[in-house]
Visitor: 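I have a structure I would like to understand better, so I am pasting it below and will then ask my questions one at a time.
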Amino acid sequence: MTSTAINHQHYMQRALELAALGRFSSMPNPMVGCVIVANGTIVGEGWHARAGEPHAEVHALRAAGGAAQGATAYVTLEPCSHYGRTPPCADALVAAGIAHVVVALEDPNPLVSGQGIARLREHGIQVTVGVLAADARRLNEGFVARMQRQRPWLQLKMAASLDGKTALANGQSQWITGVDARGDVHRWRAQSGAILSTAATVLADNARLTARHPAVQQQPLRVIIDSQGLLSADLPLFKERSPVLLVHAADTPLVAFPEQVERLVLPRNDAGFIALPELLRELAKRQINRVWTECGAGLAGALLQTKLVDELVFYLAPKLMGAAGASLLNLPRYTAMEQVPELTFTDVRQVGSDLRIIAVPRWAQGDELL
């Protein structure tokens, strides 16, 4: 590898670190970082904090000032070429006299998708694309998923004892995991555009499904599937100010709920359950990039069977709850090992007294999103 390539990766890595600062606030926009380098020295840095505010390139150019003339800009996502809430970043780079732009990832947004790169080149700016592209894609996996396949990136969270049980036979489940693991869950919630659950889970856990984390910038949309009309307005879920999307079928009995509750009517599938692909497409239309799912064995199994799960986050507690406990997943009775869903572990670590395993289904590993 040449020294130039090594330098490109070094500065792009810094830009990715800056981009990640928007993890809790940039939604529904992607996380983007920018570093401007002149004569081997960083002269400007920036990152995109939230929708409607200046993009990473603008912050970095302001910091660089006149030093941007003839410099190289490292950007984690292709500079935009269209007017949205802010002017095109490609034009700002041109106006500043940037000589070279190094881009990690071409923007999957069809409003941009190569047009920003083309505009830079039209103005005589050298453009290099693909430096640490996989890292940039992983950072914005939710945004890429929404743009490329019109559904969000879905994470399925499950907590169980070491023998794979999620509740005792009498239904008691609080708490299987420890304080540190539960805090980790709130960190994931705070990074998500929506939390998906069911009425049964809300009732069983008396759940509020909010993100209680110090870094939270905006509460996720709480999406609750209640096809049987089980929920009532006096639950703790509805005493929180953050919005709720109740998902019903056309024949679901309806009751009155507070004003922050919106209803979404979707068709049932052949088995009589809410059609999950249609639900995820609807969430994408609402600019949800990432869905964090906390549910029981039924919905968890259905999401896996329909191959809508992009990532599983398991919390395993050092406890044994016995054969009579509730199982982790409802999956069909397989008759051959070739039918069994296979996963690849991508991260395994201890969180407090519990073990956290992040795994990706094998069917998703050939996807361009990974």
Side-chain angles (χ1 to χ4, degrees), residues 8 11-38 42-69 71-123 125-133 135-147 191 193 217-218 287-290:
H8 281 345
Y11 294 123
M12 189 61 76
Q13 183 60 52
R14 174 58 184 162
L16 288 166
E17 292 169 0
L18 291 167
L21 295 175
R23 188 178 298 279
F24 296 99
S25 62
S26 68
M27 300 170 287
N29 286 359
M31 292 171 270
V32 183
C34 179
V35 171
I36 297 176
V37 178
I42 294 177
V43 296
E45 294 184 337
W47 56 282
H48 180 54
R50 54 184 54 84
E53 294 188 4
H55 291 186
E57 298 94 322
V58 173
H59 286 299
L61 289 170
R62 287 174 180 172
Q69 183 75 36
T72 298
Y74 293 83
V75 190
T76 59
L77 191 67
E78 176 183 0
C80 61
S81 57
H82 66 290
Y83 280 88
R85 298 189 193 180
T86 59
C89 292
D91 290 354
L93 293 166
V94 171
I98 291 290
H100 186 186
V101 177
V102 181
V103 177
L105 185 68
E106 184 175 314
D107 196 330
N109 185 345
L111 291 175
V112 182
S113 192
Q115 297 179 51
I117 292 170
R119 182 172 297 186
L120 294 172
R121 287 175 172 158
E122 286 170 3
H123 287 83
I125 296 176
Q126 180 185 354
V127 181
T128 302
V129 183
V131 176
L132 299 184
D135 295 327
R137 186 177 294 109
R138 175 67 177 171
L139 184 66
N140 280 306
E141 59 204 358
F143 179 76
V144 175
R146 178 164 67 90
M147 290 297 167
Q191 298 174 58
Q217 297 287 313
Q218 50 187 304
Q287 295 189 303
I288 300 297
N289 293 333
R290 181 186 294 268

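What you are looking at is a predicted structure, and each value in this text was computed from that prediction instead of being measured.
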Visitor: Kindly indicate whether the side chain of E45, heavy atoms from C-beta on, has any atom under 4.5 Å from the side chain of R14.
Guide: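 Yes, their side chains come closer than 4.5 Å.
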Visitor: Are L132 and Y11 close enough, and set up right, to give a side chain to side chain contact (heavy atoms under 4.5 Å, CB included), and what steps lead you there?
Guide: CA-CA 10 Å; L132 299 184; Y11 294 123; over 6 Å; no
Visitor: Does R62 reach the side chain of P54, with side-chain heavy atoms less than 4.5 Å apart?
Guide: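 Heavy-atom side-chain distance check passes, below 4.5 Å.
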Visitor: Only counting residues at least two apart or in another chain, list the ones meeting side-chain hydrogen bond (donor to acceptor under 3.5 Å, both in side chains) with R121.
Guide: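 Listed in chain order: nothing, the list is empty.
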Visitor: Taking 4.0 angstrom as the limit, do E122 and R119 come out as a salt bridge?
Guide: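 The answer is no: the pair does not qualify as a salt bridge.
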Visitor: Write down the atom of M147, the atom of N109, and the distance for their closest heavy-atom approach.
Guide: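 Scanning both residues, the minimum pair turns out to be SD-CA, 3.8 Å.
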Visitor: So do C89 and L120 actually touch side chain to side chain, heavy atoms under 4.5 Å?
Guide: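 The answer is no, as the side chains (C-beta and beyond) never meet within the 4.5 Å cut-off.
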Visitor: Checking the side chain of E78 only, and the main-chain atoms of I117 only, is there a donor and an acceptor separated by less than 3.5 Å?
Guide: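 Checked: pair present.
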Visitor: Using atom types as modelled, flag every donor-acceptor pair under 3.5 Å from a side chain in residues 20-36 to any protein atom, sequence neighbours excluded.
Guide:
unit_1	atom_1	unit_2	atom_2	d
R23	NH1	Q191	OE1	3.3
S25	OG	A49	O	2.6
S26	OG	G22	O	3.1
S26	OG	N29	O	3.3
N29	ND2	H48	NE2	3.0

Visitor: By the definition side chain to side chain contact (heavy atoms under 4.5 Å, CB included), identify the one residue from T76, V144, D135 that meets it with L105.
Guide: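 Result: among T76, V144, D135, V144 is the only option passing the side chain to side chain contact (heavy atoms under 4.5 Å, CB included) with L105.
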Visitor: For a quick test of reading the model, state the closest non-hydrogen atom pair linking V43 to A38 and the distance between them.
Guide: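 Result for this residue pair: CG1-CB, 4.0 Å.
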Visitor: Please name the pair of heavy atoms, one in V75 and one in V101, separated by the smallest distance, quoted to 0.1 Å.
Guide: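 Of all heavy-atom pairs spanning V75 and V101, the closest is CG2-CG1, 4.3 Å.
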Visitor: Within this structure, what is the OG1-CD distance for the pair T72 and Q126, rounded to the nearest 0.5 Å?
Guide: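 With rounding to 0.5 Å, OG1 (T72) is 7.5 Å from CD (Q126).
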Visitor: Of the non-hydrogen atoms in V131 and M12, which two are nearest, and what is the gap between them?
Guide: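 Between these two residues, the closest heavy atoms are O-CG, 3.6 Å.
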Visitor: So do the side chains of H8 and Y74 get within less than 4.5 Å of each other, counting heavy atoms only?
Guide: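 The answer is yes, as the side chains (C-beta and beyond) meet within the 4.5 Å cut-off.
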Visitor: Do N289 and N140 come within less than 4.5 Å of each other through their side chains, counting heavy atoms only?
Guide: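 No. Closest side-chain heavy atoms not under 4.5 Å.
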Visitor: Which heavy atom of A99 sits nearest to which heavy atom of I125, and what is that distance?
Guide: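 In terms of heavy atoms, the two residues are closest at O-CG2, 3.6 Å.
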Visitor: Does the side chain of I288 come within less than 4.5 Å of R146's, by heavy atoms?
Guide: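 No, too far: nothing below the 4.5 Å cut-off.
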Visitor: Ignoring hydrogens, what is the shortest heavy-atom contact between I98 and A71? Give both atom names and the distance.
Guide: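 It is CG2-O, 3.5 Å.
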Visitor: So, do D91 and P79 sit near enough that their side-chain heavy atoms are less than 4.5 Å apart?
Guide: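 Not in contact.
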